[in-house]
Structure formats: C-alpha cells, structure tokens
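These figures come from a predicted structure and were not determined experimentally.
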Amino acid sequence: MLVVDDSVVIRRLVTHALAEDASLEVVGSAPNGVVGLERIPQLNPDIITLDIEMPDMDGLEMLRRLRRAYKDVRVIMFSTLTQRGANSTMEALSLGADDYVTKASNVGSLDRSMESLRGDLIPKIKQFFILESEQRTAPPPGAAPRPPLAPIQRTAVQPKVVAIGVSTGGPTALAAIMPQFPLDFPLPILIVQHMPPIFTQLLAERLKAISKLKVEEAAEGAIVESGTAFIAPGNYHMRVQKNGLRTVIKLDQEPPENSCRPAVDVLFRSVEELYGAAVVSVVLTGMGYDGLRGAGILKAHGACVIAQDEATSVVWGMPGAVVGAGLADSVVPLEGVVKEILRRIGRG
C-alpha cells in the first residue's frame, strides 16, 4: 500500500496502524500527488490511501491522472466530516476513487487515532481482496437468514415500491442507474446508501441533478409517493409506515445493525411489513452482509430480490451474500438493473 498525505503525522499513523496486521504492508509514502505518481511504478502498490488537500498536486488531480494510467489500483480517499470535505469526496468518487474514510480535523489522542484507523481503514482495504482462509460470501455467524418460514408461492402481486441497498461503490452505481428511470416511473424508490451525515444530502442533490425523477434526502414524515426517490439520511435508519391513507417516512436512531446506520436490513424489514410481496428489492455493490437478512424475509414472503453481478460490482460483498444464500431472483450487471426492475413491474 502507498500512503499519499502531506501530513507526516498521518503518514506515520497509517503505517503504524497497518503494521499490526500481517496481511497488509505499507510499501511507501508520499507528501503530495506529484511524488505519489512518481512512486507508483517504483513500488507497484495494490492500493493507495489519498489525502485531498495537498501542496503542488492535490488528491483530486492525482486521482485524475492516476485513473488514466493505472486503472486497477484501488484508491481510498481520506476525507473530513465537513461540507467541504464531503463535496471533495463526492467529486473523488465520481473520478474513480473506490471508497473513503473520514478522519478528524485534528489528530487528538494518538491511541484514539490509531484505534480509529484500525477500525475504519483496515476493513475498507481488505474488502477489495480475497485473503487466504477467507470466503467472500460466507456470512459471519448469525448473519444468514434463519431457515425460513416456508417460502410463500409468489403470486401475480403488482409491485408498489422499489427498495435499494448499496454501500461501497454506491454513489457511482446510483449515478449510473438513476438517470435510466423514466419520468413516468409509477413507484416510489427507497434507497439506503451507507454514508455519514452531509454526504447523503450531497448524494441526493447530485442524483437529483441527473435524474428525471425527484430525488431527495428523506425527512421525517415525508409522503412516500410514486416518481420520488428517497435516500436515507446519514446516521438514521429509514422505515415506512401508514399515516391514515398515506405512507410516510419514519426516521430513528435505534442501534446500528451490521455496524450500519442507516441499515439496509431495517429498510427491507419495514417494506415487507407494509407492502408484503409487493416489493422489488435490489442489492447493489457493497462491503459486508447488510441486506442479507432483510432479503431473506422479503423472499420468504413472495417479494422479488435482484442482485448486482460480481463483474460490475466494486465489492461483491452484499450482493454476493444474497446470491450465495440463494435469495436472488435475478443477478444482473449494473447497466441491466433498471431494465430488470421495469420488467418486474410489467413495464419491460
């Protein structure tokens, strides 16, 4: 791994944090994008951690040049939980960064910084690689859906909602599929993307700018209506419930599930409780197993489950777990997701 950051402290912290994991090796570091680009052919790293604000050449410019010459090198951006940091990170993801980690604006306690780096960065590095003795789609103990409820025979139930779960690679995947939904799409779309606050708002704004449908960050009590896509806000689970004759969004900060808030499983359970079999659920690229239990519940009650295929996923963790558990009705490339949704609702 190559660490590109203008902060000597951050470069040392990353090196020391990763040194405790025998499966990872920091092969070098660089103080800016110019030096970083020079060191790629010398060191041949599999993955680069890249700061955004650096002298001489910042992270965004390095990323632009890197992607022209080194398409297979994985890139994780370092971001700050600020409006400016979120904007720059969203730009980096659109330029081809694979993922990001947030860092505090000041380093603070060395022990806390090391712990944060180990907890956040190491899993994001490992998600891109199949390490020895690890199985990509084998869920951790307790993660698989319970031997279900005998599957209910699917009937010709007309879908009433689309529910989408996505994580690593999600902003790019959503930017690819949302413009494909037609202006007269007849269902509401509910999306859980694993992202912190600020980021989800910016994601909604970016998707709204390129989509025919209305796209917004979900708000408490918002009316769920056709032709609108709602993105769960960072740090809030998103559910749906009846309010008289209307269906509305409910947000809460109940404990994280699968280490996530918002969590795909929470959304999937909620739409099953309200809509039953009248759900088209979609699991897109992402690390981990969030959505697996919820997909099992939806499948058992007759709803449709679509999974993105491995070839077009940045990380085939979430969709791979669903496919490995035998829950997917369709496994399609990213470019075929909307076509499959339209086919499932009778608009194909």
Side-chain angles (χ1 to χ4, degrees), residues 50-53 58-64 66-67 75-102 124 162-183 185 187-219 222 224-236 238 249 251 260-264 267 282-287 290 308 312-315 318 333-335 337-338 341:
L50 182 56
D51 191 26
I52 293 174
E53 296 186 13
D58 66 15
L60 295 179
E61 182 58 29
M62 178 181 170
L63 182 61
R64 288 187 187 95
L66 182 153
R67 277 295 171 243
V75 178
I76 297 177
M77 306 301 297
F78 272 129
S79 175
T80 55
L81 277 173
T82 64
Q83 186 80 21
R84 181 177 178 179
N87 267 310
S88 297
T89 302
M90 295 298 294
E91 178 67 17
L93 293 171
S94 72
L95 291 172
D98 296 289
D99 206 347
Y100 64 94
V101 291
T102 55
K124 294 208 170 189
V162 174
I164 299 174
V166 61
S167 185
T168 310
T172 302
L174 292 171
I177 70 170
M178 289 306 298
Q180 297 181 33
F181 285 99
L183 181 61
F185 187 71
L187 307 181
I189 302 171
L190 304 170
I191 301 169
V192 165
Q193 160 73 63
H194 296 155
M195 274 188 155
I198 304 177
F199 287 70
T200 47
Q201 177 188 350
L202 290 174
L203 176 62
E205 291 171 359
R206 285 174 174 252
L207 294 177
K208 181 178 181 180
I210 61 174
S211 302
K212 304 176 187 72
L213 304 182
K214 182 180 178 182
V215 183
E216 58 187 53
E217 186 182 47
V224 178
E225 53 191 359
S226 61
T228 302
F230 293 94
I231 296 177
N235 205 30
Y236 284 86
M238 181 168 69
I249 298 285
L251 303 176
C260 302
R261 189 170 62 204
V264 180
L267 174 64
V282 184
V283 182
L284 300 178
T285 175
M287 174 176 69
D290 190 23
Q308 184 178 350
T312 62
S313 295
V314 174
V315 176
M318 287 165 48
L334 183 64
E335 60 271 19
V337 167
V338 174
I341 293 171

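The OG1 atom of Thr312 sits 8.5 Å away from the CG atom of Leu284 when rounded to the nearest 0.5 Å. With values rounded to the nearest 0.5 angstrom, Met178 atom CE is found 12.5 Å from Lys208 atom NZ. Separating the OH atom in Tyr100 from the CD1 atom in Ile52 is a distance of 11.0 Å, to the nearest 0.5 Å. Separating the OG atom in Ser94 from the CG atom in Leu60 is a distance of 8.5 Å, to the nearest 0.5 Å. Taking CG of Asn87 as the reference point, atom CG of Leu202 lies at 4.5 Å (rounded to 0.5 Å). For the atom pair CZ of Phe230 and CD1 of Ile191, the computed distance is 10.5 Å after rounding to the nearest 0.5 Å.
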> Which is it for Arg64 and Glu61 under the salt bridge (Lys or Arg N to Asp or Glu O under 4.0 Å) test, yes or no, and what are the steps along the way?
Replying inline: CA-CA 5 Å; Arg64 288 187 187 95; Glu61 182 58 29; 3.3 Å; yes
> Stepwise, does the side-chain hydrogen bond (donor to acceptor under 3.5 Å, both in side chains) test hold for Thr200 with Glu217?
Replying inline: CA-CA 7 Å; Thr200 47; Glu217 186 182 47; 2.7 Å; yes
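For the pair Lys212 (side chain) and Pro179 (backbone), a donor-acceptor distance under 3.5 Å is present. Thr285 places a side-chain N or O within 3.5 Å of a backbone atom of Thr168 that can act as its donor or acceptor partner. Side-chain N or O atoms of Asp58 include none that pairs as donor or acceptor with a backbone N or O of Glu53 at under 3.5 Å.
Side-chain contact check for Phe78 versus Val101: some heavy-atom pair is nearer than 4.5 Å. Side-chain contact between Leu213 and Ile189 is present, with at least one heavy-atom pair separated by less than 4.5 Å. Between Val162 and Phe185, the closest side-chain pair of non-hydrogen atoms falls below 4.5 Å. By the 4.5 Å heavy-atom criterion applied to side chains, Leu66 and Leu50 are not counted as neighbours. Contact annotation: the side chain of Met90 never approaches that of Glu205 to less than 4.5 Å [non-hydrogen atoms, C-beta and beyond]. Counting only heavy atoms from C-beta outward, the side chains of Gln201 and Met195 never approach each other to under 4.5 Å. Side-chain contact between Ile231 and Leu207 is present, with at least one heavy-atom pair separated by less than 4.5 Å. The shortest side-chain heavy-atom distance between Leu95 and Arg67 does not fall under the 4.5 Å cut-off.
The heavy-atom pair separating Pro262 from Pro233 by the smallest distance is CD-O, 3.8 Å. The nearest pair of heavy atoms linking Glu216 to Ala204 is C-CB, 3.8 Å. Here the shortest heavy-atom pairing between Ala232 and Val192 reads CB-CG2, 4.0 Å. What you find for Thr89 and Ser79 is that their closest heavy atoms are OG1-OG, 2.6 Å. For the residue pair Ser167 and Gln193, the shortest heavy atom distance occurs at O-NE2, 3.1 Å. When all heavy atoms of Met318 and His194 are compared, the pair lying nearest together is SD-CE1, 4.0 Å.
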